[in-house]
Amino acid sequence: MLHIAYIKDNKDQVIKGLEKRFFPDAAQTIDAVLMLDQQRRNTKAALEEVLAESNNAAKTIGLLLKAGNKQEAEVAKARTATLKEQSKELTSLLRQYEDELTQTLYNIPNVPHLTVPSGRTAEDNEVLYQYGQPPALDENALPHWELITKYDIIDFDLGNKITGAGFPVYKGKGARLQRALVNFFLDEAQQAGYTEIQPPIVVNEQSGYSTGQLPDKEGQMYEITEEKLYLIPTAEVPITNLYRDVILKEEQLPVKNAGYTPCFRREAGSWGAHVRGLNRLHQFDKVELVQIQHPDRSYSTLEEMSVYVRQLLEKLELPYRVLKLCAGDLGFTSTMTYDMEVYSGAQKRWLEVSSVSNFEAYQANRLKLRFKDNKKQTRLLHTLNGSALALPRIVAAILENNQTSNGITIPKVLRPYTGFDKIA
RNA sequence: AGAGAGUUGGCGGAGUGGUCGAACGCGCCGGUCUUGAAAACCGGAGACUGUCACAGGUCCGGGGGUUCGAAUCCCUCACUCUCUGCCA
């Protein structure tokens, strides 16, 4: 949620930014926000005056009673009745403005960074960088959904049987490859200075609100209705929420956390031919990075995280490209996002495997995540996160790109983790 | 799942319906002493809102109520802990 003071100070820029991402009626909405805020303030000021008077009256009455001056006390009491009524009215009015204001703010997305390219859809994303060559594969190279059956390493039918579509079962070398990737990613993160976190994979409602999954993306999360808990769609949710209502010291920055969790997505209504096999799942594994950074340094941190993800892909010997998302394709809470896509040789497609974003103070405002700067001012921090990495599409690309006539070659860096160098 | 206890400032922990934003201890910051540190002693400090700055207002788990006045009394919800049961 955008901070009201930020909107006030940067009104034109905010409107322009929202228009860039095709937020409808940006100018009117921002005007409405500012007006609501003004009304809210006025009401609050009025209410506080009444409260101050009541407080005073109460004190006086106390003193009068103590002094045994009953009559005067009664007179004073009578006067407070009006004040009480006024304060009740003003309170409910104030609440009305406040509710309307937060409701409006909840529905305003973050403002794209100035350098974010304009554009409406994924077509308009800017390709910043490309690495490696598409693998030279046989004409009859197999897509991963055939390879996994051929080598009996991932089984969708068994998943269907015990759970449902989109919940594959990993077997034998398939399972070990998963474990190898998770361990490789976690070890790398640790070497890069991230503290490993193992969070719960169900969260409460409040956590969903703070990172922005609620209220608008309810449909994407599996809900445990009995307890009103949600299966996490990403480790971003529990890990970022660790810092809810926290005031950090400047010298604690940046906070760097990494966590492996399974991730659950309902992905309601988004199934089709283009999401076959491992391309889209209801449950998948991911190592996620979360950083909390000083507002002055969040963009250099974004670059740092992007470089980090890139070198992971290079170590895995996967051809990839880096996209800078255009304003229209940007996530609701993000100001700038890099997507990393690997090339999947047999499908001949780019597959998104990581998304690295800066949220500036948008999440921090909901989280009440702040720090004290050197002037002892309490200020909102910036949050960032990135996948490093999501497993299924990495697995798809490894399987497809590394297939040979006598099996699938495991990338060198993973061999110490898998304990084998070929799936045959 | 059953029974009970609890929720107060960074932590621990007092708290009488008015003078309580709240004793005390620990921790933290500054100072004195010291070559330096520790100890000791002295001093300081909650969050939010608001103002040019004051003032003012809000916050003792959330919401509601009683009262001129609520951390304190009542209702309600949430959460936590302990014991019993079950279980990796």
Side-chain angles (χ1 to χ4, degrees), chain A residues 1-9 33-103 105 198-210 214-215 223-230 238 241-253 255 262 292 361 364-381:
Chain A
M1 161 163 82
L2 290 173
H3 195 60
I4 193 83
Y6 172 81
I7 297 179
K8 231 189 252 177
D9 294 342
V33 164
L34 292 179
M35 197 161 87
L36 277 170
D37 183 56
Q38 194 52 53
Q39 287 171 318
R40 199 205 89 218
R41 274 159 199 277
N42 294 345
T43 311
K44 200 169 178 191
L47 173 64
E48 283 174 3
E49 229 168 278
V50 172
L51 288 177
E53 215 178 321
S54 309
N55 288 344
N56 253 325
K59 238 173 233 173
T60 318
I61 291 165
L63 291 174
L64 287 171
L65 287 177
K66 213 170 231 178
N69 199 336
K70 269 209 162 159
Q71 275 198 336
E72 266 189 65
E74 286 307 319
V75 174
K77 271 192 197 181
R79 214 164 34 117
T80 59
T82 335
L83 291 174
K84 208 171 173 182
E85 207 164 296
Q86 282 178 334
S87 91
K88 251 184 189 161
E89 269 170 42
L90 288 169
T91 304
S92 87
L93 190 62
L94 178 64
R95 182 170 299 183
Q96 206 177 304
Y97 286 135
E98 278 173 346
D99 286 352
E100 204 177 329
L101 185 60
T102 45
Q103 214 44 52
L105 286 173
Q198 244 187 62
I201 59 173
V202 293
V203 293
N204 58 28
E205 204 178 4
Q206 169 82 65
S207 297
Y209 273 96
S210 300
L214 298 172
E223 188 182 352
I224 300 163
T225 48
E226 196 90 339
E227 328 284 0
K228 200 80 177 137
L229 297 173
Y230 297 87
N241 270 282
L242 297 176
Y243 302 94
R244 192 170 72 212
D245 286 316
V246 166
I247 299 179
L248 293 169
K249 290 182 186 152
E250 190 162 350
E251 57 268 25
Q252 291 176 279
L253 303 173
V255 172
I292 298 168
N365 192 26
R366 282 200 201 180
L367 287 161
K368 295 215 187 69
L369 167 55
R370 294 161 297 176
F371 74 110
K372 278 215 195 298
D373 69 12
N374 41 29
K375 287 181 204 144
K376 295 222 167 179
Q377 285 271 315
T378 322
R379 294 168 58 193
L380 290 172
L381 281 159

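What you see below is based on every heavy atom in this structure, not just the backbone, and it leaves out hydrogens, waters and symmetry mates. To find a chain, count down the sequence lines: A is the first, B the second, and so on, and within it residues start at 1.
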Student: Suppose you measure atom C1' in B:rC60 against the same atom in B:rA70; what distance do you get, rounded to whole Å?
Tutor: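 These two C1' atoms come out 11 Å apart once rounded.
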
Student: Can you tell me the distance, in whole Å, between the CG atom of A:Leu83 and the C1' atom of B:rU67?
Tutor: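 Distance, rounded to whole Å: 15 Å.
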
Student: Please give the distance between the P atoms of B:rC26 and B:rC41 as a whole number of Å.
Tutor: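 Taking atom P in both B:rC26 and B:rC41, they lie 9 Å apart.
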
Student: For A:Arg370 and A:Leu381, which heavy atoms make the closest approach, and how far apart are they?
Tutor: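 That would be O-CD1, 3.4 Å.
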
Student: If you find the nucleotide of RNA chain B closest to A:Lys59 and the one closest to A:Thr80, which residue's nucleotide is nearer the 5' end?
Tutor: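 The residue whose closest nucleotide sits nearer the 5' end is A:Lys59.
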
Student: For B:rA47, does OP1 or OP2 lie under 4.0 Å from any side-chain N or O of A:Arg370?
Tutor: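 No, because none of the side-chain N or O atoms of A:Arg370 sits under 4.0 Å from OP1 or OP2 of B:rA47.
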
Student: Are any non-hydrogen side-chain atoms of A:Val33 and A:Leu2 less than 4.5 angstrom apart?
Tutor: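 No. Closest side-chain heavy atoms not under 4.5 Å.
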
Student: Between atom CG in A:Asp245 and atom P in B:rG9, what is the gap in whole Å?
Tutor: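 For the pair A:Asp245 CG and B:rG9 P, the rounded distance is 13 Å.
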
Student: Can you tell me the distance, in whole Å, between the NZ atom of A:Lys249 and the P atom of B:rG27?
Tutor: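 These atoms are roughly 14 Å apart.
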
Student: Minimum heavy-atom separation for A:Pro238 to A:Val203, with atom names?
Tutor: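 That would be CB-CG1, 4.1 Å.
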
Student: For atom C1', what is the distance between B:rG12 and B:rG62, given to the nearest Å?
Tutor: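 Approximately 24 Å lies between the C1' atom of B:rG12 and that of B:rG62.
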
Student: Ignoring backbone atoms, establish whether A:Thr378 has a side-chain N or O less than 4.0 Å from OP1 or OP2 of B:rC48.
Tutor: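 For B:rC48, OP1/OP2 do have a side-chain N/O of A:Thr378 under 4.0 Å.
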
Student: Whole angstrom is fine here: how far is it from CD in A:Glu74 over to C1' in B:rU67?
Tutor: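 The answer, rounded to whole Å, is 13 Å.
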
Student: Grab the N/O contacts between the protein and nucleotides 86-88 of chain B below 3.5 Å, and write none if there aren't any.
Tutor:
none

Student: Checking A:Lys228 now: which residues fulfil salt bridge (charged side-chain N to carboxylate O under 4.0 Å, His left out) with it, not counting sequence neighbours?
Tutor: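 Once residues adjacent in sequence are excluded, the partners of A:Lys228 under the salt bridge (charged side-chain N to carboxylate O under 4.0 Å, His left out) criterion are A:Glu223.
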
Student: Give the minimum heavy-atom separation between A:Asn241 and A:Leu367, together with the two atoms involved.
Tutor: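 Where A:Asn241 meets A:Leu367 most closely, the heavy atoms are OD1-CD2, 3.7 Å.
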
Student: Atom CD of A:Glu227 to atom P of B:rA78: distance rounded to whole Å?
Tutor: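 Rounding to the nearest Å, CD of A:Glu227 and P of B:rA78 are 12 Å apart.
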
Student: For the pair made of CZ in A:Arg244 and P in B:rA47, what is the distance, rounded to whole Å?
Tutor: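 The answer, rounded to whole Å, is 21 Å.
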
Student: Heavy atoms only: give me the nearest A:Tyr243-A:Val255 pair and the separation to one decimal.
Tutor: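 Closest approach of A:Tyr243 to A:Val255: OH-CG1, 3.3 Å.
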
Student: Might you point out which heavy atoms bring A:Asn365 and A:His3 nearest each other, and give the distance in Å?
Tutor: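 Smallest heavy-atom distance, with atoms named: OD1-ND1, 3.3 Å.
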
Student: Check the surroundings of atom CD in A:Gln198: do more than 12 heavy atoms from other residues, nucleotides or ligands lie under 6.0 Å from it?
Tutor: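 No, because the 6.0 Å sphere around CD of A:Gln198 holds 12 heavy atoms or fewer from other groups.
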
Student: Rounded to the nearest Å, what distance is computed from the NZ atom of residue A:Lys8 to the P atom of nucleotide B:rG50?
Tutor: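 Atom-to-atom, A:Lys8 to B:rG50, this comes out as 7 Å.
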
Student: Looking only at atom P, what distance separates B:rU67 and B:rU80, rounded to whole Å?
Tutor: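 It comes out at 35 Å once rounded to the nearest Å.
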
Student: In the 5'-to-3' direction, what one-character label does each nucleotide of nucleotides 55-63 of chain B receive under the scheme B = base within less than 4.0 Å of a protein heavy atom, S = sugar-phosphate only, - = no such atom?
Tutor: -BSS-----

Student: Picking from A:Asp37, A:Thr43, A:Asn42, what satisfies side-chain contact (heavy atoms from CB on, under 4.5 Å) with A:Tyr97?
Tutor: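 In the set A:Asp37, A:Thr43, A:Asn42, the residue that makes a side-chain contact (heavy atoms from CB on, under 4.5 Å) with A:Tyr97 is A:Thr43.
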
Student: Using the C1' atom as the point on both nucleotides, what is the distance between B:rC20 and B:rU8, in whole Å?
Tutor: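 Roughly 12 Å separates the two C1' atoms.
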
Student: Under the side-chain contact (heavy atoms from CB on, under 4.5 Å) criterion, do A:Glu100 and A:Gln103 qualify, and how do the steps go?
Tutor: CA-CA 5 Å; A:Glu100 204 177 329; A:Gln103 214 44 52; 5.6 Å; no

Student: How far does the C1' atom of B:rA3 sit from the matching atom of B:rU72, given to the nearest Å?
Tutor: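 Result for the C1' pair: 28 Å, nearest Å.
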
Student: Output all residues satisfying side chain to side chain donor-acceptor pair (under 3.5 Å) with A:Arg95, sequence neighbours left out; order by chain, then residue number.
Tutor: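 By the side chain to side chain donor-acceptor pair (under 3.5 Å) rule, A:Arg95 matches no residue at all.
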
Student: Using atom P of each nucleotide, how far apart are B:rG13 and B:rU82 to the nearest Å?
Tutor: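 Going atom to atom, P in each nucleotide, I get 14 Å.
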
Student: Under the salt bridge (Lys or Arg N to Asp or Glu O under 4.0 Å) criterion, do A:Glu85 and A:Lys88 qualify, and how do the steps go?
Tutor: CA-CA 5 Å; A:Glu85 207 164 296; A:Lys88 251 184 189 161; over 6 Å; no

Student: Restricting to side chain to side chain contact (heavy atoms under 4.5 Å, CB included), what partner residues turn up for A:Thr60, sequence neighbours left out?
Tutor: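 For A:Thr60, the residues satisfying side chain to side chain contact (heavy atoms under 4.5 Å, CB included) (neighbours in sequence not counted) are A:Leu64.
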
Student: Rounding to a whole Å, what distance do you find between A:Lys368:NZ and B:rA47:P?
Tutor: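 For the pair A:Lys368 NZ and B:rA47 P, the rounded distance is 15 Å.
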
Student: May I ask you to verify if any side-chain N or O of A:Arg41 is less than 4.0 angstrom from the OP1 or OP2 atom of B:rG50?
Tutor: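 Checking B:rG50 against A:Arg41, a side-chain N or O does come within under 4.0 Å of OP1 or OP2.
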
Student: Dot-bracket for RNA chain B, 5' to 3', counting Watson-Crick or G-U wobble pairs under 3.5 Å, with [ ] for crossing pairs and | for inter-strand pairs?
Tutor: ((((((((.[[[..)..(.....]]].(((((.......))))).((((......)))).[[[[[..)....]]]]])))))))....

Student: Take atom C1' in B:rG85 and the same atom in B:rG4, then report the distance between them in whole Å.
Tutor: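 The answer is 15 Å between these two C1' atoms.
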
